[in-house]
Amino acid sequence: EIKMTTEIKSPTFPESVADGTIANWVKKEGDSVKQDEVIAEIETDKVVLEVVAPFDGKISKVLKPAGETVLSAELIAEFEKGSISEELEATKVEPLEETEEIEEVAVTEEAKEEVEIENQNEHSSDRNGPAVKKLLKEYDLNPDDIASSGKGGRVTKADVINHLDQPSKEIVQQEIEQHSANQAQANSSERIEERVPMSRLRSTIANRLLTVKQETAMLTTFNEVDLKRIKDLRAKYGKNFEEEHGVKLGFMGFFVLASVQALKKFPLVNASIDGTDIVYHGYQDVGVAVSTERGLVVPVIRDAGNLKITDVERSILDYSDKARSGKLSISEMQGGTFTISNGGVFGSLLSTPILNAPQTAILGMHSIQDRPVAIDGEIVIRPMMYLALSYDHRLLDGKDAVSFLIAIKDQLESPEKLLLNL
């Protein structure tokens, strides 16, 4: 049979991505895989890209081990085309051979039972079937150490499996002693350290944040917002909203639309600096920061100024699912004219978010807390949230930034203004 070898290459990276790093080989060299099954993960500066098997077969050779840098469409492995079903079918032959040999040995034992008993210790391993011999060799086992149930002291496959499932007293004792030694080491004065390389995404985040701190005149202004009207709306219409549109009515949709209306009133907040030029954007692309296991990513809701709250909520839900499963594409995270970061989901009461360059401002949401506030001369309990707006002071003056944040506050405290575009 002639095996066809195919080259496995890294994905073609977008122009904005120079190279990537082999983050993990999901399948190892020699593993059999099915078509479209993920065999490797490549981490770029922005996302993790998956490499899938082009068809059923086997990974014959890994050319780029985990941790190495790869370029766009670079050769990373060699793949041998084949059929997994054929390989599985081939493995079924072995038990049949063992069964046939058992019958043959049984006949021999009936004829030469006395001879077999005399030579039991000397030739016990020779009477074992091919499946048993394979297991003995694979796990480096001595057949004399295994309790046999076969005729004439013969070791069966079930005997080997039972032996592996039930470790001997010596092994158990060794594990107990090892555990005690580890416990003693943990209780000693030695302090353990572990050094691991920083992931590609975390390294990129670190460099970007440091650049923002060094190259912008970042400042933060604060305010607070009363969310009672929005909470009442969600309590009254939340169930009907979900039944009608198939998505929950969350807080983020209100914040995105309130930000869009404020950006339209203050176009300078929606602008960016390019060298010595100011670039005004005639659209509102709002990025929503999402925390994942690999780090912070910011998918962008395109043309948010033309969307309804249902569209915004669907986009947020879809991006959140993609981000946590590593399915976000690079194009979905590129661009953006304004960013919203919600630290409140983690319990943050107040923070100073860092700009998402080259944007001019970023809005920080925080925890909602019932607090006493004075309204019309009376102290009442209201669900309050602190808001933070970090902005680039090179482009925005304090008056502009404060006015912009108050505009968002007014929109949220009077949700009907969002419906009337006021």
Side-chain angles (χ1 to χ4, degrees), residues 220-245 247-266 269 284 286-291 298 301 304-305 307-317 319-320 338-353 361-391 401-422:
T220 304
T221 183
F222 303 95
N223 214 310
E224 62 180 352
V225 58
D226 182 354
L227 294 175
K228 184 178 186 304
R229 300 284 297 277
I230 289 181
K231 289 194 73 173
D232 290 344
L233 272 177
R234 294 179 72 240
K236 187 174 182 179
Y237 299 109
K239 185 176 180 181
N240 295 337
F241 184 90
E242 186 174 3
E243 291 175 352
E244 178 71 21
H245 302 290
V247 64
K248 291 184 178 181
L249 180 60
F251 286 100
M252 186 62 79
F254 290 100
F255 277 81
V256 170
L257 294 186
S259 298
V260 166
Q261 295 304 320
L263 289 171
K264 290 179 179 178
K265 293 179 180 179
F266 298 88
V269 183
Q284 294 79 35
V286 180
V288 179
V290 179
S291 179
V298 187
I301 301 175
L307 302 180
K308 298 179 180 179
I309 194 168
T310 52
D311 303 319
V312 173
E313 291 291 354
R314 286 197 189 98
S315 297
I316 293 171
L317 179 62
Y319 282 150
S320 297
F338 183 75
T339 296
I340 301 176
S341 177
N342 185 7
V345 295
F346 306 111
S348 173
L349 181 62
L350 195 61
S351 68
T352 55
I362 178 172
L363 177 68
M365 298 169 55
H366 301 92
S367 296
I368 301 173
Q369 287 188 332
D370 287 339
R371 294 200 299 268
V373 294
I375 298 180
D376 296 331
E378 295 183 359
I379 296 177
V380 294
I381 304 298
R382 290 296 178 90
M384 305 298 292
M385 175 192 286
Y386 288 120
L387 297 179
L389 181 77
S390 292
Y391 59 98
V402 171
S403 299
F404 175 81
L405 189 56
I406 290 177
I408 292 179
K409 169 185 168 70
D410 290 342
Q411 297 275 337
L412 295 172
E413 291 183 342
S414 302
E416 61 272 12
K417 291 184 177 181
L418 293 176
L419 302 177
L420 300 175
N421 291 330
L422 296 177

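Because the structure is a prediction, the values reported are computed rather than measured. Throughout, numbering of the chain's residues begins at 1 and tracks the sequence.
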Exercise. Side chains of Phe241 and Thr310: closer than 4.5 Å at any heavy-atom pair?
Worked result: yes
For this session: For the pair Asp232 and Arg229, find out whether any cationic side-chain nitrogen is under 4.0 Å from an anionic carboxylate oxygen.
Result: no
For this session: Could you tell me which non-hydrogen atom of Gly253 sits nearest to which non-hydrogen atom of Val312, and how far apart they are?
Result: CA-CG1, 3.9 Å
For this session: Applying side chain to side chain contact (heavy atoms under 4.5 Å, CB included), run through Glu242 and Lys248 and close with a yes or a no.
Result: CA-CA 5 Å; Glu242 186 174 3; Lys248 291 184 178 181; 3.7 Å; yes
Exercise. Are the side chain of Glu413 and the backbone N or O of Val225 linked by a donor-acceptor pair below 3.5 Å?
Worked result: no
Exercise. Rounded to the nearest 0.5 Å, how far apart are NZ of Lys409 and CG of Leu387?
Worked result: 8.0 Å
Exercise. Taking it one step at a time, do Ile408 and Asn223 satisfy side chain to side chain contact (heavy atoms under 4.5 Å, CB included)?
Worked result: CA-CA 10 Å; Ile408 292 179; Asn223 214 310; over 6 Å; no
Exercise. Checking side chain to side chain contact (heavy atoms under 4.5 Å, CB included) against Leu389, which of Ile362, Thr220, Leu405 comes through?
Worked result: Leu405
Exercise. Going from CZ on Phe255 to CG on Leu363, what distance comes out if it is rounded to the nearest 0.5 angstrom?
Worked result: 7.0 Å
Exercise. Checking side chain to side chain contact (heavy atoms under 4.5 Å, CB included) for the pair Val269/Tyr391: CA distance, chi angles, key distance, verdict?
Worked result: CA-CA 8 Å; Val269 183; Tyr391 59 98; over 6 Å; no
Exercise. Between Arg371 and Glu224, is any pair of side-chain heavy atoms under 4.5 Å apart?
Worked result: yes
For this session: Let me see the working for Asp311 and Lys308 under side chain to side chain contact (heavy atoms under 4.5 Å, CB included), right down to the final yes or no.
Result: CA-CA 5 Å; Asp311 303 319; Lys308 298 179 180 179; 3.8 Å; yes
Exercise. If you count the non-hydrogen atoms of other residues, nucleotides and ligands that lie under 6.0 Å from CD in Glu243, is the total more than 12?
Worked result: yes
Seminar exercise, completed: Shortest non-hydrogen pair, Ser367 vs Gly347, comes out as OG-C, 3.2 Å
Exercise. Does the ring center of Phe338 lie less than 6.0 Å from the ring center of Phe266?
Worked result: no
Exercise. Roughly how far apart are Ile368 CD1 and Lys231 NZ, rounded to 0.5 Å?
Worked result: 6.0 Å
Exercise. Shortest non-hydrogen contact from Ala304 to Val256?
Worked result: CB-CG1, 4.3 Å
Exercise. Any idea which heavy atoms bring Met365 and Asn342 closest together, and the distance?
Worked result: CB-OD1, 3.6 Å
For this session: Work out which heavy atom in Val288 is nearest to a heavy atom in Met252; give both atom names and the distance.
Result: CG1-CE, 4.1 Å
Exercise. How long is the gap from CG on Leu227 to CZ on Phe254, to the nearest 0.5 Å?
Worked result: 10.0 Å
Seminar exercise, completed: So CD of Glu416 and CD of Gln411: to nearest 0.5 Å the spacing works out to 9.5 Å
Exercise. Any side-chain heavy atom of Lys265 within less than 4.5 Å of one from Phe404?
Worked result: no
Exercise. Considering residues, nucleotides and ligands other than Ile381, do more than 12 of their heavy atoms fall under 6.0 Å from its CD1?
Worked result: yes
Exercise. Taking atom CD1 of Ile301 and atom CZ of Arg314, what is their separation to the nearest 0.5 Å?
Worked result: 13.0 Å
Exercise. Less than 4.5 Å apart, any side-chain heavy atom of Asp226 and any of Met384?
Worked result: yes
For this session: Kindly give the heavy-atom pair with the smallest separation between Lys264 and Gly305, and that separation in Å.
Result: NZ-O, 3.6 Å
